[in-house]
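The structure under discussion appears below in the form of structure tokens.
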2 protein chains.
Amino acid sequence: MVACIADKWSLWTMSVIAEYRRPMRFSRIMENVAVISQKSLTKTLRGLERDGLITRKVFAEVPPRVEYAITPLGAEMLNNVAPLWLWVAKSVHRFQGARAAFDGRSV
Amino acid sequence: MVACIADKWSLWTMSVIAEYRRPMRFSRIMENVAVISQKSLTKTLRGLERDGLITRKVFAEVPPRVEYAITPLGAEMLNNVAPLWLWVAKSVHRFQGARAAFDGRSV
DNA sequence: CGGGATCCAACCGGATACTG
DNA sequence: CAGTATCCGGTTGGATCCCG
């Protein structure tokens, strides 16, 4: 549990919902998380909801409408992940350098 | 790549090596990461070495000796992960609360 | 539209056995 | 001691079909 940090899609999905700044529908989320399959998105959203990071609101309409939104806990988590994410982005070249050296040394 | 953050064992392994503050042998690492299998530890260490987060030094002795140590990049990464880790630890009860509410509501 | 159900390939990680 | 090699069950995630 709380796999939302390590999970392949969770952080990306959360940031998409958070940046939208208003309730977001399933299909719109799927557009923005791009290559995710609908099965994985469903599973990811359920997990996030389960952990209290997003809310899920179903409207009894035809066609159905379901809206997702970030919770305070979710927003707080994103804020806490941000610094690390920025550091990684800033340091990517160092990882790549190390990787290249490693791969090259045994040629 | 740079899966070292999401990976199941990488962070734990890194922190064990870092806290040891001197070169650490394979078997000692395995003792401290407790339940890890030796296969997974080997794979984890190789990945960390590949990303430049730890060093691996092999001594031509019998029996063999291999020593691992944290690199500056590795130490820096741990420092950047620490705040998030602390926040998660501090907030675990909130996740648990959300989880309990979610599980209980559909009974 | 927002899924659920099913099938399937790929991968992960543990257990065990063997080795230089 | 520090791995490598093999097997194997469980999970992940995509693709497809169906449904209210």
Side-chain angles (χ1 to χ4, degrees), chain A residues 1-17 20 22-51 53-70 102 105-106, chain B residues 1-17 20 22-51 53-70 99 102-103 105-106:
Chain A
M1 199 235 305
V2 192
C4 25
I5 296 179
D7 184 82
K8 183 176 179 181
W9 300 110
S10 293
L11 281 180
W12 189 3
T13 303
M14 283 180 69
S15 66
V16 162
I17 297 175
Y20 199 67
R22 56 189 186 279
M24 199 172 184
R25 301 186 62 171
F26 186 90
S27 45
R28 192 159 299 274
I29 298 173
M30 195 146 134
E31 288 167 20
N32 283 271
V33 187
V35 293
I36 196 173
S37 70
Q38 128 238 75
K39 173 185 165 184
S40 295
L41 181 54
T42 299
K43 193 184 150 200
T44 299
L45 291 170
R46 289 286 192 281
L48 292 174
E49 184 197 3
R50 201 176 162 87
D51 283 348
L53 298 165
I54 62 171
T55 56
R56 177 173 182 267
K57 192 166 191 177
V58 183
F59 296 84
E61 301 175 359
V62 176
R65 178 161 54 109
V66 181
E67 289 184 344
Y68 296 89
I70 204 84
F102 184 91
R105 82 178 187 188
S106 48
Chain B
M1 200 234 304
V2 192
C4 25
I5 296 177
D7 185 82
K8 183 176 180 180
W9 300 109
S10 293
L11 282 180
W12 190 4
T13 304
M14 282 179 68
S15 67
V16 162
I17 297 174
Y20 199 66
R22 57 190 186 278
M24 198 173 186
R25 300 187 64 171
F26 185 90
S27 48
R28 193 159 298 275
I29 297 172
M30 194 146 135
E31 288 168 20
N32 284 271
V33 187
V35 292
I36 196 172
S37 68
Q38 121 244 73
K39 173 186 164 183
S40 295
L41 181 55
T42 299
K43 194 184 148 199
T44 299
L45 291 170
R46 290 286 191 280
L48 292 175
E49 184 197 4
R50 200 176 163 86
D51 283 347
L53 298 165
I54 62 170
T55 56
R56 176 173 181 268
K57 193 167 190 177
V58 184
F59 295 84
E61 302 174 358
V62 176
R65 179 162 54 109
V66 181
E67 290 184 344
Y68 296 89
I70 204 83
R99 184 68 172 262
F102 184 91
D103 291 347
R105 83 179 187 188
S106 48

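Quantities reported herein were computed from a predicted structural model and do not represent experimental measurements. Letters A, B, ... are given to chains in the order of the sequence lines, protein chains preceding strands, and every chain is numbered from 1.
Between B:Leu45 and B:Phe26, the closest side-chain pair of non-hydrogen atoms falls below 4.5 Å. Using a 4.5 Å heavy-atom cutoff, the side chains of B:Leu48 and B:Ser10 are in contact.
Taking every heavy atom of residues 7-15 of chain A and every atom of DNA chain D, pairs under 4.0 Å involve A:Lys8, A:Trp9, by number. Residues from residues 23-30 of chain A with heavy atoms under 4.0 angstrom of DNA chain C, sorted by number: A:Arg25, A:Phe26, A:Ser27. For the segment residues 33-41 of chain B, the set of residues with a heavy atom within less than 4.0 Å of an atom of DNA chain C comprises B:Ser37, B:Gln38, B:Lys39, B:Ser40, in numerical order.
Residue-level contact check: B:Tyr68 touches the backbone only, with heavy atoms under 4.0 Å from sugar-phosphate atoms and none from bases.
Using a 4.0 Å cutoff to heavy atoms of chain B, the contacted part of DNA chain D runs 5' to 3' from D:dC1 to D:dC7. Protein chain A contacts DNA chain C from C:dC1 to C:dC7, reading 5' to 3' and using non-hydrogen atoms of the protein with a distance under 4.0 Å.
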Let me have the donor-acceptor pairs involving side chains of residues 58-69 of chain A, under 3.5 Å, with sequence neighbours excluded, atom names and distances please.
residue: A:Glu61; atom: OE1; partner: A:Arg65; partner atom: NE; Å: 3.2
residue: A:Glu61; atom: OE2; partner: A:Arg65; partner atom: NH2; Å: 2.7
residue: A:Arg65; atom: NH1; partner: A:Glu67; partner atom: OE2; Å: 2.9
residue: A:Tyr68; atom: OH; partner: A:Arg56; partner atom: NE; Å: 3.1

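Taking B:Val33 as the reference, B:Trp9, B:Trp12, B:Thr13, B:Val16, B:Ile29, B:Ile36 meet the side-chain contact (heavy atoms from CB on, under 4.5 Å) condition, with sequence neighbours excluded. With sequence neighbours left out, A:Ser37 forms a side-chain hydrogen bond (donor to acceptor under 3.5 Å, both in side chains) with A:Ser40. Looking at residues two or more places apart in sequence or on another chain, you find no side-chain hydrogen bond (donor to acceptor under 3.5 Å, both in side chains) involving B:Ser15.
Rounded to the nearest 0.5 angstrom, A:Met14 CE and A:Ile54 CD1 are separated by 8.0 Å. Here the straight-line distance linking atom OG1 of B:Thr44 with atom CG of B:Leu53 works out to 12.0 Å at 0.5 Å rounding. If you take CZ on B:Arg46 and OG1 on B:Thr42, they are separated by 6.0 Å, rounding to the nearest 0.5 Å.
Of the residues near DNA chain C, A:Pro64 and A:Arg46, the one whose nearest nucleotide (by heavy atom distance) lies more toward the 5' end is A:Pro64.
Across all non-hydrogen atoms, the minimal contact from B:Ile17 to B:Met24 is CA-SD, 3.9 Å.
Sorted by first and then second residue, the salt bridge (Lys or Arg N to Asp or Glu O under 4.0 Å) pairs involving residues 25-43 of chain B (not counting sequence neighbours) form an empty list.
Taking the screw axis at each terminus of the helix from C:dC1-D:dG20 to C:dG20-D:dC1 from five consecutive base pairs, the angle between the two is 40° to within rounding of 10 degrees.
Seen from the ring of B:Tyr20, B:Arg22 counts as a face-on cation partner, given the 6.0 Å and 45° thresholds.
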